[in-house]
Structure formats: structure tokens, C-alpha cells
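I am attaching a structure below and will ask some questions about it afterwards.
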Protein chains: 2
Amino acid sequence: MEEKYNKQLQEARGKFLVFLQDEVTLPNGKTAVREMVLHPGAVAILAVTENQEIIFVKQYRYPVREVLFEIPAGKLEGKEDPFFSAQRELEEETGFQALQWEKLGTFYSTPGFSNEIMHLYLAQGLVQKKAHPDPDEIIEYQAIPFDQALRMASQGEIKDAKTMIGILWLAAGKKLTVD
Amino acid sequence: MEEKYNKQLQEARGKFLVFLQDEVTLPNGKTAVREMVLHPGAVAILAVTENQEIIFVKQYRYPVREVLFEIPAGKLEGKEDPFFSAQRELEEETGFQALQWEKLGTFYSTPGFSNEIMHLYLAQGLVQKKAHPDPDEIIEYQAIPFDQALRMASQGEIKDAKTMIGILWLAAGKKLTVD
């Protein structure tokens, strides 16, 4: 089913994204145009307090012109290990360190037009330090009880895919252990 | 928290993506660079048979150079209503029409660098017609029992975010009705 690179039609390089338009050859010998953005990869952290609250960050997202509730997340820097990146982002954005970490999964955010890969972690045993976000990030964090977060996800108040995956994973996981 | 458009630094136009790099002004008066891809929006369909199987499509995804298991999905065409688009994509990719439709939710795939919005539908009461994919799409469909699909999502065999959301939603939803 593989599609083979034939030639490049367009390339534009940003600070962290690369936009590409390639001509490819399909398995049936025909050609097609594929366009995409290359992304360095990212981490997201489902941080759960001992009272079963989820730590959210509230952040203006310029591409969608909206303030969104999301779990803490960030891009991988260079060849950084995703686990190290997750620890760094959680502390930068919320001031929390976590004593217990578990990898929940790895997924592609939108494989039809990007190679962005997202590493999702569960963080528990939270210890409050001091937040120190990037200078151009304006972020507030907020703890929301799990049941309320699940309701927010199912009612459209939480609109971010990785955040929905984190919350639903916890909800589905709870079910699995009950079965 | 709003960030205001200041000036455009880069623009590249593909067939369906637009890559943009903008300078913005932050609420604190400083400037920052934001880069993103504009996307027409998309639909995804969680189609469930009467035997609790999920309909998957298997498709080579050039941006990640992998064959992925995903639920049927596709881009919005023009000003098409998402529900019409969902009906069209399900039939094009799998040959199924559905008698019962329910909107599960709407979310941003990756709001940090794209405005792609995804409309997710649950489709039941499936009736088999004939598949007729786009000429440059090579797609096979496969029915997988729900419990197996949930296991595949939790074990990393399903790697696509929208597909994970669909499966986990069903898993979490089942739990909610049990509570």
C-alpha cells in the first residue's frame, strides 16, 4: 500500500514546522499530490491529584482564536527523551513535580496531514513547586474533579483531542478494572 | 489572554492546506511568532455493527510513512454540512449506509498548530452498499469486535487520535450508562 516519494513541489520552513507538498507514486502506478507539515513531536501529561482532580491549563490558542482547557503539553526540544520532556513541561506550566509516572500511550494527532506524534503520560503523587512558563506562553492552571472533566469532555467544553484522549482513557481504564 | 495579529511573515498555499507564519502581539505588549496550518475541517465516523463490531479502514498515511487502522474519515468539501460529509465519507470508504446517526462531539485535532476541527459521529443500523473511494485513495475496510478494538487502542496498535477518541468514547460512555 506504500506511496513512494517522487518529487518535491513546495517547501516552506518555519521555526518548528516544515510545510511540504510532494508528488508521490501510488501502488497502482498513478501519481498523486500529498501535502503535510513536519512536526518535532510532543508530550502531554494527565496529572491527577490524590483527590482525583485533573490539572488543566487554560491557554489562548492562536490557530483557533480561542482560549482552551487542555492538559499540560509541549513540543519535544531537539533529541530530548519524551519522558524528560513531560517532566519539564509539567513543571514549567503548572509548577508540579510528580513522584509516579506511567506512559499511557503514543499516537498521531492527525496523520492525514502531519507526522506529529504525541506521547501521553499519567502523572501522580504531585508535589507543588513553582511554575516558570516560557516567556511567550501565558498559562493559568486549574484543578478540576475527574467527573466534572469527563462531563466537560462529553459536552464540548473541552475541545482539545489529546485532552479528550487523556480523560476518556482514564474513564475507560476505570471501567476495564471494574469488569 | 487574546493574541492579536500583527503582520504576516510567511504564507504557502497547498491544495487544501495553507501554511502561515504570523507575528502576533501578546496581552503583555510583547511580540511572538506563531506558525500554523489552516485546514478545511473534517469528519470521522464510528460505525458500529449490530454485533458490536467497529468498522475500520486500513490506509497508507504518507506523512507518517505507515499503514494505519483508522475509523472512516475525510475532509469537508467546500461549505458542505458536516453531517452530509459524514454520510458521504462512510459510504465512499466502506460502502455502508447507516440508518441511525448521532453526533458524538467536535474537537480540535491539534490546536497548537492547526485549526483543523473534527466532527465525530456514531453510525448504527448499517446497510451494505458498494464502496467507491476517491481515485487516489487505496482503502480496505475491516470489522473488528469492540473489545478487541479497545485492546488495540490501549496497546498502541491503533495510533490515530480520532480513532482512539471514538473507541474510548464508546468505552467511557458504556461506563457512564452503568453508573
Side-chain angles (χ1 to χ4, degrees), chain A residues 1-3 10 12 14-17 19 21-22 24 26-28 30 32-37 39 42 58-64 66-68 70 73 105-116 118 135-136 138 150 154 156 159-162 164-165 168-169 171-172 174-176 178, chain B residues 1-3 10 12 14-17 19 21-22 24 26-28 30 32-37 39 42 58-64 66-68 73 105-116 118 135-136 138 150 154 156 159-162 164-165 168-169 171-176 178:
Chain A
M1 297 177 86
E2 201 181 338
E3 298 174 355
Q10 274 197 74
K15 285 169 65 176
F16 73 98
L17 295 178
F19 171 73
Q21 197 187 47
D22 287 355
V24 300
L26 305 178
N28 62 12
K30 293 187 178 168
V33 175
R34 297 286 180 241
E35 52 198 55
M36 77 216 76
V37 274
H39 185 285
K58 213 173 147 182
Q59 188 176 10
Y60 185 78
R61 289 300 203 171
Y62 184 76
V64 299
E66 262 185 72
V67 174
L68 296 184
E70 299 172 46
T106 301
F107 52 87
Y108 295 120
S109 301
T110 185
F113 74 92
S114 179
N115 69 344
E116 185 192 20
M118 179 69 70
D136 71 348
I138 294 174
L150 184 55
S154 67
K159 303 178 181 178
D160 168 57
K162 65 182 174 301
M164 290 175 64
I165 289 177
L168 292 172
W169 202 308
K174 277 185 172 174
K175 178 176 183 304
L176 289 178
V178 171
Chain B
M1 298 178 85
E2 201 180 336
E3 298 174 355
Q10 274 196 75
K15 285 168 66 176
F16 74 98
L17 295 178
F19 171 72
Q21 196 187 46
D22 288 354
V24 301
L26 305 178
N28 63 12
K30 292 185 179 168
V33 175
R34 296 288 180 242
E35 51 197 56
M36 78 215 78
V37 273
H39 186 284
K58 213 174 147 182
Q59 189 175 8
Y60 185 78
R61 289 301 202 172
Y62 183 75
V64 299
E66 263 184 72
V67 174
L68 296 184
T106 302
F107 53 87
Y108 295 120
S109 301
T110 185
F113 75 91
S114 179
N115 69 344
E116 185 192 21
M118 180 69 70
D136 70 349
I138 295 174
L150 184 55
S154 67
K159 302 178 182 180
D160 168 56
K162 64 182 176 301
M164 290 175 63
I165 289 177
L168 292 172
W169 202 308
K174 276 186 171 175
K175 177 174 186 304
L176 288 178
V178 171

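Letters go in sequence order (proteins before strands), and every chain restarts at 1.
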- Contact part of A:Q10 toward chain B, heavy-atom cut-off under 4.5 Å: side chain, backbone, both or neither?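 The answer is the side chain of A:Q10.
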- Under 4.5 Å to a heavy atom of chain A? For B:Q21 that would be side chain
- Message: Ignoring hydrogens, what is the shortest heavy-atom contact between B:M1 and A:K58? Give both atom names and the distance.
- Response: CE-O, 3.2 Å
- Message: If the condition is side chain to side chain donor-acceptor pair (under 3.5 Å), which residues does B:Y62 pass it with, not counting sequence neighbours?
- Response: A:D22, B:R65
- Message: With a 4.5 angstrom heavy-atom cut-off, is it the side chain or the backbone of A:E3 that approaches chain B, or both, or neither?
- Response: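 Both backbone and side chain of A:E3 come within 4.5 Å of chain B.
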- Query: Any idea which of B:Y108, B:F107, B:F16 has the most non-hydrogen atom pairs under 4.5 angstrom with chain A?
  - Reply: B:Y108
- Message: How long is the straight-line distance from CE of A:M118 back to NZ of B:K159, given to the nearest 0.5 Å?
- Response: 16.0 Å
- With a 4.5 angstrom heavy-atom cut-off, could you sort out which part of A:E66 is near chain B: side chain, backbone, both or neither?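 Contact with chain B involves the side chain of A:E66 alone.
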- Which atoms form the tightest heavy-atom contact between A:G112 and B:P63, and what is the distance? O-CG, 3.6 Å
- Message: With chain B as the partner, which of A:S114, A:G105, A:A42 has the greatest number of non-hydrogen pairs under 4.5 Å?
- Response: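 Looking at each of A:S114, A:G105, A:A42 in turn, A:S114 comes out on top.
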- If every non-hydrogen atom of B:L168 is compared with every non-hydrogen atom of A:A172, which pair is closest and at what distance? CD2-CB, 3.8 Å
- Heavy-atom contact with chain A under 4.5 Å, split by part of B:L26: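 When you check distances to chain A, only side chain atoms of B:L26 fall under 4.5 Å.
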- Message: Taking side chain as everything from C-beta outward and backbone as N, CA, C, O, which of these in B:E2 sits under 4.5 Å from a heavy atom of chain A? Side chain, backbone, both or neither.
- Response: both
- Query: Which pair of non-hydrogen atoms, one from B:A12 and one from A:A12, has the smallest distance, and what is that distance?
  - Reply: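 Closest approach of B:A12 to A:A12, heavy atoms only: CB-CB, 3.9 Å.
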- Message: With chain A as the partner, which of B:D160, B:V64, B:N28 has the greatest number of non-hydrogen pairs under 4.5 Å?
- Response: B:V64
- Message: Using heavy-atom distances under 4.5 Å, tell me whether A:L68 contacts chain B through its side chain, its backbone, both, or neither.
- Response: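 Side chain only.
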- Distance (rounded to the nearest 0.5 Å) between B:M36 CE and A:L17 CG: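 Between atom CE of B:M36 and atom CG of A:L17 there are 9.0 Å.
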- Task: Give the member of A:P111, A:P27, A:S109 that has the highest number of heavy-atom pairs under 4.5 Å with chain B.
- Result: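 Of the candidates given, the most pairs with chain B belong to A:P111.
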- Do you know the tightest heavy-atom contact between B:V37 and A:V37?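 That closest heavy-atom pairing would be CG1-CG1, 3.3 Å.
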- Item | Region of A:K30 that comes under 4.5 Å of a non-hydrogen atom in chain B | neither
- Task: Determine the interplanar angle of the A:H39 and B:F113 rings, folded into 0 to 90°, and report it as parallel if under 30°, tilted if 30 to 60°, perpendicular if over 60°.
- Result: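 Tilted.
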- Item | Gap separating the CZ atom of A:R34 from the CZ atom of B:R61, nearest 0.5 angstrom |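 Atom-to-atom, A:R34:CZ and B:R61:CZ are 8.5 Å apart.
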